[in-house]
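See below for the structure under consideration.
Throughout, a chain's letter reflects where its sequence line sits, starting with A, and its residues are numbered from 1.
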Amino acid sequence: MKHHKNLLYVGGILVLPFALVVLLLLQADTTTSAVAAANKGSANVPPVAAQVGSSLTPLAPTAPPPIVPANAAKLSPVKGIAAIKVTNANALINGNGAKFSEADVRQFLHDHPEWGQFKSTAPFAIEKVEFLTAREVKVRINQDVATIMGVPDTTSFCLMTGRGSFVMAAGPPLPGQPTSNTGATFQRAYQLYDAQTGNLILMGGLGN
Amino acid sequence: MKHLAIAARRMSALMTILLILSLGLFLPPAPKAAAYSCGSSSDPASECHAAATWPGNVDGASTVIDIVPLYSPDGLVANQMWLKDTQSYGCTTYPFCWFEGGYAYAPYNGYTYYEYVAWINPAGSPNVRPLAALPSGQTGTIYLAIKRYDPYHFNISYYSPNYYTDNMAVTVQNGMSPNYIQIGMRLSGYGGATSDRASFTNNCYFVGSSCYLQTNSGSPASGYVSNPPYGFWKTQPSYSYPGGEWSTIVQTFPASGGAPNAIGYYSSNPWGTQAYINTANLHFVTSLIPGRGFE
């Protein structure tokens, strides 16, 4: 009996390392296949290469799904940040569904010429203030506002376009790139407001 | 005899107090408000950063960012993630193409503390989508994921206690193929900015629809750090969830002490860089050790 036990121990010692090697090979094969599958993709998708420093090693664990806040369902998809003050909450101005006027927009921008993330390097001039549907805004700024905001393309917005000198900083330098951050410059820009609340919901640059 | 003992005890206590007070005279003087040069509204080239960077082709990235108080009297301060593309058509020359998202304290309508996402695509037009104002004192975390649906469409998910959007669809003309991920803090202005320490965890990159944890500290390993803002790996990236913890902070003691959210200041002295944390009039000193965080 004791002899049998010894045999089992010896057998285990010999077999275990072999089993481990097989297991590792199998795992490597599975994950390589996963990257290969990702690389296959559509013809337009460039192949996914391993990241520098082996950060894209196939054995890296996948992150668990994020926790959705308990109150998420109560939150509106279009919110933005406070901008134009609603001057007539009960009436529709200009028959376009807006609760503020062009004069309100001009007054706000006169009092608050800041551009948030953008650096406005010279005073800007308002070109136009328009009350438009999401469908019309898309034509003006080349952004599918209805899809981005998750609203019907008949939803009303207020679009202000201006001319000046604007910069959007490009973020931290990349390895091998100069540390100076001159960013993306443009001469025309827009601010888009929710016609109901007056909130700023999108801003950006336009073709010069 | 008893009176003598009491007198001796009182004298001893008095001497101790005098000794403590005299030692105070030799403590290092309180540093003046720290200044930095991170660019004004007319100087965009000087913005400062504390960022970790991972190069490599990916289909997207996600991170979980602490919401902490941010304040700047003369510029912008933000905690955010960038997903950059330097290889697609129209993106190969500086400033390239990119997505970004997070939260900022920035000049708009006076100053506003808000959550946002932004993108600049090969057509050359940047767009910023302010999602919602952050209430003062808001705590919690933001989950931000930006991933490619196909070369021309990206989906953005943003979950926070204050705002929720899942798979916000953004179209990019000419297509984009991201090849850099960056996380961290950006700062502009000349002085007086403050923040609490924020952590970036669960940092991962998408290959298809799966997101894999970043298991190394990127390139360069200690990040690109302007000092200020300060950035360091509080916990090195690893294979175990939630992975590495990249930390960012900017602290300068306000000249008048009137700034909201001011919690302390940095100074350099013979003992090295130290952060003085001011919490409800309680001052204590802690060392900032590069790569190891506060100890």
### Query
Does any heavy atom of chain B fall under 4.5 Å from the side chain of A:F166, the backbone, both, or neither of them?
neither
### Message
How long is the straight-line distance from CG of B:L76 back to CD of A:E114, given to the nearest 0.5 Å?
### Response
12.5 Å
### Query
Of all of B:A104, B:G110, B:A106, B:A51, which one pairs up most often with chain A through heavy atoms under 4.5 Å apart?
B:G110
### Query
Relative to chain B, which of A:P113, A:G204, A:G116, A:A82 shows the most heavy atom pairs under 4.5 Å?
A:G116
### Residue selection (most heavy-atom pairs with chain B, distance under 4.5 Å) from A:L202, A:L192, A:D144, A:N199
A:L202
### Query
Do B:Y108 side-chain atoms and A:L200 backbone N/O form a donor-acceptor pair below 3.5 Å?
no
### Query
Given a strict heavy-atom distance threshold of 4.5 Å, which part of B:T86 is in contact with chain A: side chain, backbone, both, or neither?
side chain
### Query
Nearest heavy-atom pair of A:A169 and B:R186: which atoms, and what distance?
CB-NH2, 3.9 Å
### Query
What part of B:Y116 lies closer than 4.5 angstrom to a heavy atom of chain A: side chain, backbone, both or neither?
side chain
## Note on the structure
Nearest heavy-atom contact between A:P175 and B:T53 is CD-CG2, 3.9 Å
### Message
Quick check: do A:L206 and B:S125 have side-chain heavy atoms less than 4.5 Å from each other?
### Response
no
### Task
Counting only heavy atoms closer than 4.5 Å, note whether A:Q143 contacts chain B via side chain, backbone, both or neither.
side chain
### 4.5 Å side-chain heavy-atom contact, B:P107 and A:W115
no
### Query
Can any side-chain N or O of B:E47 pair as donor or acceptor with the backbone N or O of A:A170 at less than 3.5 Å?
no
## Note on the structure
On a heavy-atom basis, the closest approach of B:A169 and A:T147 is CB-CG2, 3.6 Å
### Query
If you take all heavy atoms of A:M168 and B:P126, which pair is closest and at what distance?
SD-CB, 3.3 Å
### Message
Looking at every heavy atom in both B:Y94 and A:G183, which two are closest together, and how far apart are they?
### Response
OH-N, 3.2 Å
### Closest heavy-atom pair and its distance - A:K119, B:S188
NZ-CB, 3.4 Å
### Query
Rounded to the nearest 0.5 Å, how far does NZ of A:K79 lie from CG of B:L131?
9.5 Å
### Message
Any heavy-atom pair between the side chains of A:Y190 and B:N127 that's under 4.5 Å?
### Response
yes
### Task
Ignoring hydrogens and angles, tell me if any N or O in the side chain of B:K84 forms a donor-acceptor pair with the backbone of A:L174 under 3.5 Å.
no
### Message
Within the supplied structure, the quantity of interest is the number of heavy atoms (other residues, nucleotides, ligands) at a distance under 6.0 Å from B:Y149 OH; does it exceed 12?
### Response
no
### Task
Working to the nearest 0.5 Å, report the span between CD of A:Q117 and CZ of B:R129.
13.0 Å
